[in-house]
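First the structure, in the form of structure tokens, and then the observations on it.
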Amino acid sequence: MNIEQVKIRQLKMRMKSPFKTSFGSVQDKQFLILEARDRDGLTGYGEGVAFEVPWYTEETMKTSWHVLEDFLLPLIMGKEIHHPDMVSEIFSSIRRNNMAKATLETAIWDLYAKKQSIPLATALGGQKEKVAVGVSIGIQPTHQQLYQKIEDALEAGYQRIKVKIKPGEDIALLNAIRNEYPDVPLMADANSCYTLNDLALLQELDQYGLLMIEQPLGANDIVQHAKLQSQLKTPICLDESITSYEDAEAAIDLGSCKVMNIKYARVGGLTEAKRIHDLCAKHEMEVWCGGMLESGIGRAHAIALSTLANFTLPGDTAGSTHYWEEDIITPEITVKNGYISISKEPGIGYEINHSAIERYTVKEKVYRANR
Ligand code: OSB
Ligand code: MG
């Protein structure tokens, strides 16, 4: 591969309803789409999932664009790239900025699979024909509205329900859900809003039969989670804390969690996500694929990743209609009986809906390789 042209677009897409967590709320989602064109004319697509505000990680949509334009594109464009694994190696001279890196790295994975005329899932080594899907439900204004969302999700076939909790909306909330739905496969995501001072409260959550509690403590913490896990029955799942293979190794070593949420964008791309997956498999740590409220392009990468064998638990990869009136790929991603079927088409496996992308684009810029 040899990338001769890259287009970065900023898109703005309105979600059907606002998505609220312990750190903030999003409704008009702005994100990047990167198109990487090879010398032979094929194009790979990647999504930049950093939010406008640095509340989930330190990156933002703007820092992603800046790092891509000033540092990452110059390292890649016009260079012979034999395999997408080379990209993360080339990027190792740039510290962190994982979401910016993943934007370009995933586009190159898509391009690579298209060049080989194989699905991205196959290029990554995935063998599943379908992947299990759960749903993540944001904080709702009332319990009644939350029950409605749960009803809708169960109706649509999602295999597990994840709810967001925060101080003041934790025990009472889970208690209420368990009264209505005693047996539903349920988990809770705290997005880092507790500390070890909340130990007693977190231990109280043990009684609700949660599949796991996601990221209860600090976004960078691995040590305190190990202390907490030793005093909780509920398995801890780490999300924010795992930004690299080394973080995953440390969490496994210390016993900081029993489950890992892998998001390719948080760890710098598909190559690093695959390495973490393989490490977890070796240590019998179960993993699932997280989501970033992506459009269909980012979702397609997550779905391809989820076909690796140790993604044994349902991921946060809800179908297109869950968040969007209209997605930017065709066909849209559909969930049937709790599963998404893996496309057999080359690359991400979905066509780009060019007219939709154009309509949602608020800004774009083209970069060409120096010859
Ligand atoms: O913590 O998993 C999270 C969305 C934005 C930022 C962080 C998270 C989430 C979700 C949504 O839970 C998952 C999805 O994309 O459907
Ligand atoms: Mg999370």
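Read the numbers this way: they start at 1 and go in the same order the structure lists the ligands and their atoms. Given the structure is predicted, the values throughout are model-derived calculations rather than measurements.
Checked by distance only, ligand 1 and Tyr56 stay at 3.5 Å or farther apart across all their nitrogen or oxygen atoms. Of the N or O atoms in Leu293, one or more lie within a sub-3.5 Å distance of an N or O in ligand 1. Of the N or O atoms in Phe19, none lie within a sub-3.5 Å distance of an N or O in ligand 1. Of the polar atoms of Ser136, at least one N or O is found under 3.5 Å from an N or O of ligand 1, judged by distance alone.
Within the model, atoms OG of Ser295 and CD1 of Ile329 stand 7.5 Å from one another, a figure rounded to the nearest 0.5 Å. Remark: Leu111 CG to Asp38 CG distance equals 5.0 Å, nearest 0.5 Å.
The Mg ion (ligand 2) sits nearest to atom OD2 when only the N, O or S atoms of Asp239 are considered.
Counting atoms of ligand 1 from 1 in the listed order, those under 4.0 Å from a heavy atom of Lys263 are 1 (O), 2 (O), 3 (C), 7 (C), 8 (C). In summary, the atoms of ligand 1 found under 4.0 Å from a heavy atom of Glu214, numbered by their order in the structure, are 2 (O). Residue Asn191 approaches ligand 1 through these ligand atoms, each under 4.0 Å from one of its heavy atoms: 1 (O), 3 (C). Numbered from 1 in the order shown, with element, the atoms of ligand 1 that lie under 4.0 Å from a heavy atom of Lys164 read 1 (O), 2 (O), 3 (C), 8 (C), 9 (C), 10 (C), 12 (O). Of all atoms in ligand 1, listed by their number and element, those nearer than 4.0 Å to a heavy atom of Phe51 are 5 (C), 6 (C). Each of the following atoms of ligand 1 lies closer than 4.0 Å to a heavy atom of Lys162: 2 (O), 3 (C), 12 (O).
The part of Asp189 lying near ligand 1 is the side chain, judged by heavy-atom distances below 4.0 Å. At a heavy-atom cutoff of 4.0 Å, ligand 1 is contacted by the side chain of Asp239 but not by its backbone. Residue Arg266 does not touch ligand 1, judged by heavy-atom distances below 4.0 Å.
For the 3.5 Å distance criterion, the side chains of Tyr194 and Gln215 fail to qualify, holding no donor opposite an acceptor. There is no side-chain donor-acceptor pair under 3.5 Å between Gln10 and Glu364.
Heavy-atom distances between Arg299 and ligand 1 reach below 4.0 Å in at least one pair.
Between Arg14 and Asp28 there is a salt bridge, since at least one side-chain N of the basic residue sits less than 4.0 Å from a carboxylate O of the acidic one.
Ring pair Phe51/Tyr56 is perpendicular by interplanar angle, where above 60° counts as perpendicular and below 30° as parallel. Using a 30° and 60° split on the angle between ring planes, Phe23 and Trp55 fall in the tilted class, from 30° to 60°.
Two rings, from Tyr45 and His301, have their centers 6.0 Å or more apart. With ring centers used as reference points, Trp109 lies under 6.0 Å from His83.
By the 6.0 Å and 45° rule, Lys130 stacks over the aromatic ring of Tyr339. A cation-pi contact, defined as under 6.0 Å to the ring centre and within 45° of the axis, links Arg275 to Tyr245.
Because the distance cut-off is set at 2.8 Å, Glu214 qualifies as a neighbour of the Mg ion (ligand 2) through one of its N, O or S atoms. The Mg ion (ligand 2) has an N, O or S atom of Asp189 closer than 2.8 Å.
With hydrogens left out, the protein atom closest to atom 14 (C) of ligand 1 is Tyr323 OH, 3.4 Å, a heavy atom.
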